[in-house]
Each structure stands twice: as C-alpha cells, then as structure tokens.
Amino acid sequence: MRPAILFPLFKPVTALPGLGPRLGKLVEKLAGGHVVDLLWHLPCGVIDRRFSPKIAQAPNGRIATLTVRVDSHVAPVNPRHPYRIRCTDDTGVLELVYFHVKGDWLAKQIPVGSTMVVSGKVEWFNDTPQISHPDAVVPLEARDEIETVEPVYPMTAGLPAKTLRKAVRAAFADIPALEEWQDPAWLARRQWPTWPDALKRAHTPEDEADLAPTSAIRSRLAYDELLANQLALMLVRSSQRRLVGRVTQGDGSLRGKALAALPFALTGSQSTALEEIYADMAADARMLRLLQGDVGSGKTVVALLAMLNAVEAGGQAALMAPTEILARQHAESLAPLCKAAGVEIGLLTGRDKGKGRQAVLDRLASGELPLLVGTHALFQEDVAFKDLALAVIDEQHRFGVHQRLQLSAKGRAVDVLVMTATPIPRTLTLTAYGDMDVSRLMEKPAGRKPVQTVTIALDRLEEIVHGVRRKVQEGGRVYWVCPLVDESEQIDLAAATERHAFLSASFGDRVGLVHGKMRGPDKDAVMAAFAEGALDVLVATTVIEVGVNVPEATVMVIEHAERFGLAQLHQLRGRVGRGEKPSTCLLLFDPHLTETARSRLKTLRDTEDGFIIAEEDLRLRGAGEVLGTRQSGLPGFRLADLAVHGELLAVARDDAKLIVDRDPELATPRGQALRTLLYLFERDAAAKTLRSG
Ligand code: ADP
Ligand code: MG
C-alpha cells in the first residue's frame with residue numbers, strides 16, 4: 001500500500017488551483033494525471049525578466065523589462081494592420097504592437113499618461129524598438145510580479161503557460177518532507193540537495209545552467225528515479241531467487257538427436273549461451289536469463305535445446321511468442337527437430353477454441369504433451385501444466401516484468417529464459433532486465449550474406465518500382481512496408497491499401513496485403529501465399545506482420561523509413577538476406593528530410609552490427625522510444641535521460657545490489673525511506689515483494 005505521506009502527491013491534478021476538468025485533461029495529456037506527474041514535468045527553458053535597460057539600451061532580440069510612460073495609442077485604419085501604443089522614457093521611444101486586438105480593451109489596460117512596466121522580447125524595426133504582444137504589462141506598483149526568472153515548460157495547445165506555472169507552484173505545497181533515502185556520504189560527495197529542495201529548485205531555475213541534465217539538481221532527481229528502477233528490479237530478482245529452485249539436468253539423449261538432425265554446426269556464441277543456460281538449469285536456484293541476439297543470430301535453436309534439456313529431466317517446457325504468426329512459425333520451424341528427437345510439440349494460441357483446445361489442455365495437465373508453443377494465451381487461468389520446468393519467452397519488447405512473473409507462476413520453480421531480438425544497448429539492458437543474467441549471441445551463423453542497404457528519396461518511386469520488378473523477374477520476393485503514421489490504424493491502413501493498389505497496377509494479382517486489422521486466418525493465408533511464392537510482393541502495415549521467415553525474400557522496401565527507429569529498421573532488414581541470393585534493403589525517405597534525419601538513415605547503410613545501431617538509436621531518440629515503452633509497459637523514465645545519465649545508472653545498480661544484500665527486507669531506517677522511494681516512482685509491484693510491504 002502506498003504510504004499516507006505520499007497521498008498529496010497522488011491527488012488528481014484537478015485538485016490544483018486553476019485546473020478545472022478541461023485544463024486538467026490537457027495537463028493529464030502533457031504530464032500525467034497526478035500532482036506528482038506535474039512535478040516531474042520539468043522546465044525546458046528559462047526566461048530571465050530581471051534585465052531592465054533603458055529603451056535606447058535594449059538590445060534587439062532580447063527579453064527585457066522596461067519602465068515606460070504611455071504616450072499615445074494609434075489605432076489602425078485598416079483592421080488588418082496592427083494596433084500600436086507609443087511609449088517613451090528619457091532615452092527613446094518604444095512601440096507596443098498588437099495584432100487583432102480590440103482597441104478599447106487596450107485603452108483601458110494601458111491608459112495614456114500612465115507609467116507601466118512592460119516585459120517581452122524587444123525587436124528593432126527601422127531604428128525603433130518594439131515589443132509585439134508583450135508577455136506582461138503592469139502598473140509600476142506591480143513590477144515585482146514580473147521582474148523575475150520564469151521557467152518555461154514543454155507545452156500543449158490550449159493550455160496557458162501561466163496556468164501551468166501557477167499549478168506547479170501550487171503543487172509545491174504538496175511536496176512532503178520525506179526521509180532521505182540516499183546514502184548521506186554519496187549525497188555529500190556529489191553536493192546534491194535534498195529531494196524536496198531539488199524538486200523545487202528544478203522548477204525555479206535561475207539560468208540555463210540549472211536546466212542542464214548534469215546539474216546537481218537534475219542529477220539528484222535522475223538518480224532517485226534510476227535507484228528506484230534498479231532497486232525494484234533487484235527486489236523482484238531476489239524474491240524470485242528466494243523461491244526454491246529445481247535441479248534440471250537431462251542426460252543429453254534428446255538433445256543429441258536434435259543436434260544430429262541440424263543441418264549446421266552451432267556457432268561459438270550459441271554453444272557458450274547453452275552452457276550458461278544448462279548451468280543455470282542444473283543449479284538449485286531459479287534461472288532468470290536473457291538471451292540477447294541480433295535478428296537471425298539463431299536464438300530459436302538455443303531455446304529448443306534448453307527445452308529438450310527440461311524434457312530429458314522429466315519436465316515440460318513452453319515457448320511463448322508475442323504474436324499469433326510468430327507462435328505458428330516457431331511451432332512449424334521446431335517441428336522437424338522435435339520429430340528427430342522423438343518429442344511432441346503442441347500449439348496454443350488465442351485462436352484455438354473448443355474441443356481442440358481442451359485436448360491440448362488435457363494433455364498438458366497429464367504431462368503427455370512435453371512441449372508447447374503459444375501466445376499470451378498461455379497465461380490463461382485454465383492452462384495448467386503437469387510439471388513446467390522451463391518457460392522461454394520470445395519477448396521482442398512486448399512483455400514486461402509482470403508477465404515474466406505470471407508465466408513462471410505456472411509451475412514449481414520454473415526456470416525462465418527471455419529471448420530478445422533487438423540488440424539493446426548495455427545501459428538499457430540494465431534498466432529493463434536488471435533482474436536477469438545475460439547471454440549474448442554475438443556471431444552470425446555461417447553463410448549469412450550481407451544485405452545491401454540503399455537510401456532513396458520517395459519521389460523516385462517509378463525508378464524504385466522498376467528495380468523491384470527486375471528483382472521479381474529474377475525470382476526474388478519483396479516485402480514492402482508502409483509505416484505507422486500515427487496512433488490511428490485507419491490512416492495507416494489507408495496508406496497501405498493505396499500502395500497495394502498502386503503496386504497491383506504493376507504486378508497484377510501477385511501483390512498481397514497484410515495489416516493489423518485483418519482476421520487471423522486471413523492474415524495467415526496471405527502470409528502463406530507469400531511464403532509459398534504465390535505472391536511476389538507483400539505490402540504490410542506493421543513490423544509484426546513481417547516477423548516471419550521467407551528465405552526467398554530478397555528485397556525489403558521500407559517507405560518513410562525516417563518514421564521508424566533505427567533498431568526497428570534494422571530488425572526489418574533482418575527479414576531478408578536469409579537465403580542463397582544477395583539481398584537489398586531500400587530505405588525510402590521523404591524528399592524534404594533534413595540533413596540530420598538523412599544521416600541517421602546513413603548509420604543503417606553503413607553498418608549491419610545491431611549493437612552499434614542500438615547505441616546510435618539510444619543516442620538519437622532516447623530510452624523510452626528504443627524500448628518501445630508505450631507498447632511494452634516497460635519502465636519509462638521521467639527524469640533520467642540514459643544518453644546522459646548512463647554513468648549514474650551503473651552506480652544505481654551497485655547501490656541497489658548493496659542495499660538488497662545488506663537489508664533485503666528494507667527494514668532499516670534507510671530501507672524504510674527507500675520503500676517510500678519505490679512508491680514515489682510507482683514501483684508498487686516490487687515493494688509488494690517485501691514481507692511487510
Ligand atoms: P533469431 O530467432 O535469432 O532471429 P533464428 O533462430 O530464427 O534467428 O535463426 C535464423 C536462421 O538461422 C534459421 O533458419 C536457423 O535455422 C539458422 N541457424 C541458426 N543457427 C545456425 C547456425 N549455427 N548455422 C547456420 N544457420 C543457423
Ligand atoms: Mg526468432
């Protein structure tokens with residue numbers, strides 16, 4: 001349960017002054033629904049209004065606050081022209097300029113003959129300084145109100161900046177005096193402020209330097225968040241390990257048969273990963289291991305051998321894929337090897353219903369069915385194993401810590417192996433999988449051909465279609481990916497449908513279309529037609545739909561490649577180059593693309609090393625997007641920026657480890673404060689693993 005001292009921070013934002021239901025919604029969209037979310041919404045700029053020159057000394061382009069006499073109002077004859085107010089001091093003339101404003105209102109606000117304090121950006125036109133639409137105009141008595149330093153926040157349309165500033169200021173009253181959770185020596189060494197102090201100062205920057213992510217204020221806040229993240233993962237890990245493990249050690253008989261049936265030898269990385277996995281499984285503790293490897297690095301066969309190890313030892317094993325299509329493909333590609341080993345493998349997806357499904361469930365429960373492949377349908381309550389020893393999760397960022405826990409609860413001391421296809425930078429591995437050990441497949445299987453990558457402007461579509469036709473005539477098959485334009489599937493679908501029609505004009509009925517809105521069986525039928533060669537070109541809306549293995553596919557066309565993340569593009573590219581023939585990846589970009597965006601795509605052209613691409617992706621886009629936070633439910637960071645605070649993350653990890661070693665139940669005074677930290681960052685699930693959580 002969330003400690004009471006945090007309640008004020010978790011009030012709805014509408015509890016703050018000035019935020020009614022309408023503006024409250026906008027704040028919610030911008031920052032989040034709770035007061036604490038608004039406090040995490042840090043300024044991105046600062047306006048210093050303390051600079052108060054005389055008119056003649058006010059430099060062009062700078063924000064200034066000036067004390068002036070109002071001389072005259074000049075209403076325009078033509079209403080399209082601006083309304084001007086002439087002001088002076090003893091050094092010169094300043095014009096206030098207003099477009100589309102009623103003169104009578106201004107005449108009342110800024111009366112002729114009065115002395116006013118005006119603040120805004122001064123711009124010089126034809127030797128006359130002017131301020132158009134001043135940020136503030138107040139009578140002399142109120143000058144203290146505006147001669148200040150103002151934070152500037154990332155905004156959303158319809159929300160007045162002043163309202164937001166006021167709400168944040170009011171939220172200060174809700175910042176509780178929490179006990180310090182950081183190690184005092186570490187705080188002193190870094191010269192970091194206390195948490196309430198850091199938070200308030202983050203919202204009251206004095207200058208640009210205060211906004212730097214490396215400032216003491218921001219570093220402190222970032223570190224709090226990173227520590228909460230690492231501590232949460234560490235607690236989940238230790239609670240998993242505390243559960244009794246099981247010793248799973250097969251005799252090698254089934255694995256021997258499968259290996260003998262493999263048409264290739266394992267790579268060095270595959271063998272190393274397997275040794276690590278077998279050792280974990282044989283140990284009397286739970287395995288929690290991440291198998292990380294680029295697309296096509298051969299994770300599936302590693303998974304299968306681990307699963308056979310479980311079966312040899314008398315247990316069952318399950319492999320869970322993120323989508324229906326991938327689950328089916330896994331089942332199909334594993335079938336021959338399972339057959340060679342003499343082991344049956346079942347399939348269970350959301351689409352299986354009725355008697356067929358019941359038969360699978362019965363045979364799972366009786367232990368008759370040793371291996372199962374499926375989708376998240378495996379989570380369903382009526383799915384019971386006789387003795388699940390190993391759960392393999394082909395994750396691809398679509399499941400989070402939660403699901404890992406859920407699946408491992410399906411058996412007694414289940415070992416868990418998570419496979420991820422996107423090479424994740426080291427720093428991100430820590431934040432998302434800090435609870436796991438890591439094996440990495442670094443080598444590509446022998447015989448893999450490089451993919452030639454070309455970037456082309458979309459306005460050369462005719463040429464591109466011509467090239468694609470040539471490839472098809474040579475017997476190649478082509479993926480044509482249309483991007484996710486925005487959240488709206490309808491719009492994406494329209495774009496893909498249109499492209500499908502356009503290509504059909506060239507390729508006739510040998511063009512197929514798959515998209516997320518199709519019914520499963522229809523989708524499968526199109527995929528199958530493409531795999532069999534009944535279709536030459538496959539137009540697809542999303543990344544997922546092309547997560548299949550078609551060795552004859554030699555061309556990958558990606559439209560509006562600039563809208564994808566680099567790692568995503570890399571993963572798509574990995575769908576070609578799987579067969580004998582040389583392959584090509586065409587990255588089509590918007591011709592109006594900026595130079596920076598273009599050079600981003602060049603990274604992809606220049607390397608096929610997924611880890612280099614992943615690091616670059618992180619540098620360019622930030623952590624949330626690389627991990628696909630939104631789809632996955634993985635932790636996103638509000639205050640920490642991993643591209644900048646990577647070093648702090650490593651410290652947080654060591655810190656968390658030490659804490660959990662010394663004070664596993666967070667019972668000491670610092671431990672109690674750390675519990676509050678976990679709730680502050682909504683790591684409730686981790687806090688609940690504690691005995692008196
Ligand atoms: P991943 O799941 O890592 O993307 P897969 O397991 O699907 O990769 O493997 C891609 C292809 O490489 C498959 O056709 C697989 O049979 C093949 N493969 C796997 N390991 C090897 C190896 N050691 N040598 C040659 N080919 C391999
Ligand atoms: Mg795979």
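Throughout, residue positions are numbered sequentially from 1 according to the sequence presented. All ligand and atom numbering here is 1-based and tracks the order in the structure.
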Is Glu608 close to Pro450 at the side-chain level, that is, under 4.5 Å between some pair of heavy atoms? yes
The single option from Trp480, Phe589, Phe564 passing side chain to side chain contact (heavy atoms under 4.5 Å, CB included) against Glu559: Trp480
What I want to know is whether Gly298 and ligand 1 share at least one N or O pair that is separated by under 3.5 angstrom. yes
Quick one: which ligand 1 atoms are inside 4.0 Å of a heavy atom on Ala265? 22 (C), 23 (N), 24 (N)
Atoms in ligand 1 with a heavy atom of Thr267 nearer than 4.0 Å: 23 (N)
Is it possible for you to check whether Arg469 lies under 6.0 Å from the centre of the six-membered ring of Phe507, through NZ or CZ, and within 45° of that ring's axis? yes
Are His645 and Leu649 packed together at the side-chain level, in the sense that at least one heavy-atom pair is separated by less than 4.5 angstrom? no
When you compare the side chain of Thr248 with that of Tyr278, does any pair of heavy atoms fall below 4.5 Å? no
Check if Gly574 has a non-hydrogen atom at a distance under 4.0 Å from any atom of ligand 1. no
What atoms of ligand 1 come closer than 4.0 angstrom to any heavy atom of Pro445? 21 (C), 22 (C), 24 (N), 25 (C), 26 (N), 27 (C)
Run the numbers for me: atoms of ligand 1, each under 4.0 Å from some heavy atom of Ser297, listed by number. 3 (O), 8 (O)
pair Arg289-Val416: side-chain heavy atoms closer than 4.5 Å: no
Just heavy atoms, cut-off under 4.0 Å: does Pro551 contact ligand 1 by side chain, backbone, both, or neither? neither
Counting from 1 in the order shown, the ligand 1 atoms closer than 4.0 Å to a non-hydrogen atom of Leu266 are 23 (N)
Record the part of Met419 in heavy-atom contact with ligand 1 below 4.0 Å; permitted values are side chain, backbone, both and neither. neither
State, with a plain yes or no, whether a side-chain heavy atom of Leu254 is found less than 4.5 Å away from one of Leu305. no
